Structure formats: structure tokens, C-alpha cells
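This report concerns only the one structure given below.
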Amino acid sequence: MLYMNTTADRLIDLVRSHGLLRSCDLALLGIPRVSLTRAVRRGQLERVGRGIYGLPGREVSAHGSLAEVACRVPKGVVCLLSALRFHGLTTQAPFEVWLAIENKALAPKLDYPQLRLVRFSGAALTEGVEDHVVDGVTVRVTGVAKTVADCFKYRNKIGLDVALEALRDAWHEKRMTSDDLWHYAKVCRVANVMRPYLDSLA
């Protein structure tokens, strides 16, 4: 009985410190899956999504869906419309989570939240990525300047008007420098596309 209590305590402590926990991580932590089932039955934990568990009654922020996605797809990077929303640079509220994954990575399958996958490679995937903690979970999100450059690269998917609005708002709110923006414009290979818009801001 003492072993069971100790295991249950470890499980609850882990969820408290990580915000959300994936059932597939339990084996690596030396915790039997039955502990999860028992904790749910006792009301100590609740199933948040498929294979994801959290504390019942926990506070969920406006970006809670990003935490769920980060838990399920830890190598993914929140980008484009979802990153704009996270940084407060758009009035749009995308019902899908826009997620960048590596070019050759297998597409993750989630029932919820819905994903809109974009495939990045090399520096476009690794540069300009920030770690933010959302509901206790570390979420990888493209930074402001990288997000704006991405919007111009994918202007045919999201609309040039959205990219221009993001550029204007981020610039007027001093959320990025021209050097940062120019750097990511080169990384995303949209320097020539962005040049006239950048010149108009200067």
C-alpha cells in the first residue's frame, strides 16, 4: 500500500510540475500505467485529451490548446496564424493550431485540437523559435520577427492582408527591430518580397 501511495504521489507531483502529462511518458519515469487509471478513478487526475492527463479544475489559459499540442507533438513549432494570435498581433482566432514540423517528419494525428501542418526545413524550422510556458507546459513558438517573415512566405495560404497587418502592428508596437526582421526575411527567402513594405516603414 505504501508503494501505491508513493507512486500516486510521484504521479501527482509530476503533473503539478509539468502541467500536463502524456501516458506514454510513464514507462520512462518508472511509473506503471495502472497508477494513471487509479488516479483518474479517485478524481486526482482527469483525461484532458487522448493520452494526456492534467489536474482536475486546473486553470486553462486562452492558449490551452497550444499546451495540448506541445504535449503531443513536442518537436512541433507553433507558427503563422497561431503564433500571431499568441503574440497578440491579429484579431483572427484560428480554430486550428498552425504547427510547423520538419519536412520529412510523420504527420501527427490528433483528434483535438485540429492541426494545420506546415513543413519547414533547416534554419526556417530552427531559427527564431522561443520557449514559452503555457499552463505549465513548454510551448515552442516562432518569435515576432520570424512569424512576420513566415507570414510573407506563406502569404498565399493566409492572405497578404494578414501579413501586412502583422508587419504594421509589430513594427508600430516596437515588437521587433529592422535587423531581426531583415535576418528572418533572408532565412525565409522573402527578402525581395518584403523589401518594398520594409522601405515604406522606414
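For clarity, every value in this text was computed on a predicted model and none was experimentally measured. For the single chain, residues carry numbers from 1 onward in sequence order. Reckoned from all heavy atoms, side chains included, excluding hydrogens, waters and symmetry mates.
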Taking [X] for the side chain and [Y] for the main chain, is one N or O donor matched with an acceptor at less than 3.5 Å?
| X | Y | result |
| --- | --- | --- |
| Thr126 | Gly122 | yes |
| Thr147 | Thr142 | yes |
| Arg140 | Asp131 | no |
| Arg119 | Ala105 | yes |
| Arg175 | His87 | yes |

Should [X] and [Y] be regarded as members of a common hydrophobic cluster, given that ILVMFWY residues are connected when their side-chain heavy atoms come within less than 4.5 Å of each other, either directly or indirectly?
| X | Y | result |
| --- | --- | --- |
| Val69 | Val78 | yes |
| Val193 | Trp182 | yes |
| Val190 | Val187 | no |
| Phe152 | Val77 | yes |
| Val133 | Phe86 | no |

Interatomic spacing from [atom1] in [X] to [atom2] in [Y] - rounded to 0.5 Å:
| X | Y | atom1 | atom2 | answer |
| --- | --- | --- | --- | --- |
| Arg85 | Ser65 | CZ | OG | 10.5 Å |
| Ile158 | Leu84 | CD1 | CG | 6.0 Å |
| Met176 | Leu181 | CE | CG | 4.5 Å |
| Arg168 | Ser200 | CZ | OG | 8.5 Å |

Practice item. Could you check whether the rings of Phe120 and Tyr154 sit parallel, tilted or perpendicular, using 30° and 60° as the cut-offs? Key: parallel
Point to revise | Test log, rule side chain to side chain contact (heavy atoms under 4.5 Å, CB included), inputs Leu160 and Tyr197 | key: CA-CA 11 Å; Leu160 181 60; Tyr197 303 110; 3.6 Å; yes
Practice item. Determine, step by step, whether Asp150 and Lys146 satisfy the salt bridge (Lys or Arg N to Asp or Glu O under 4.0 Å) criterion, reporting the C-alpha distance in whole Å, the side-chain angles of both residues, the deciding distance to 0.1 Å, and the verdict. Key: CA-CA 6 Å; Asp150 284 339; Lys146 174 64 163 56; 2.9 Å; yes
Check your understanding: For Val144 and Leu89, what are the C-alpha separation, side-chain angles and deciding distance, and is it a side chain to side chain contact (heavy atoms under 4.5 Å, CB included)?
Key -> CA-CA 9 Å; Val144 171; Leu89 290 171; 3.8 Å; yes
Check your understanding: Side chains of Pro108 and Leu117: does their closest heavy-atom pair fall under 4.5 Å?
Key -> yes
Review point. Just wondering, do Arg116 and Leu99 contact through their side chains at under 4.5 Å, heavy atoms?
Key: no
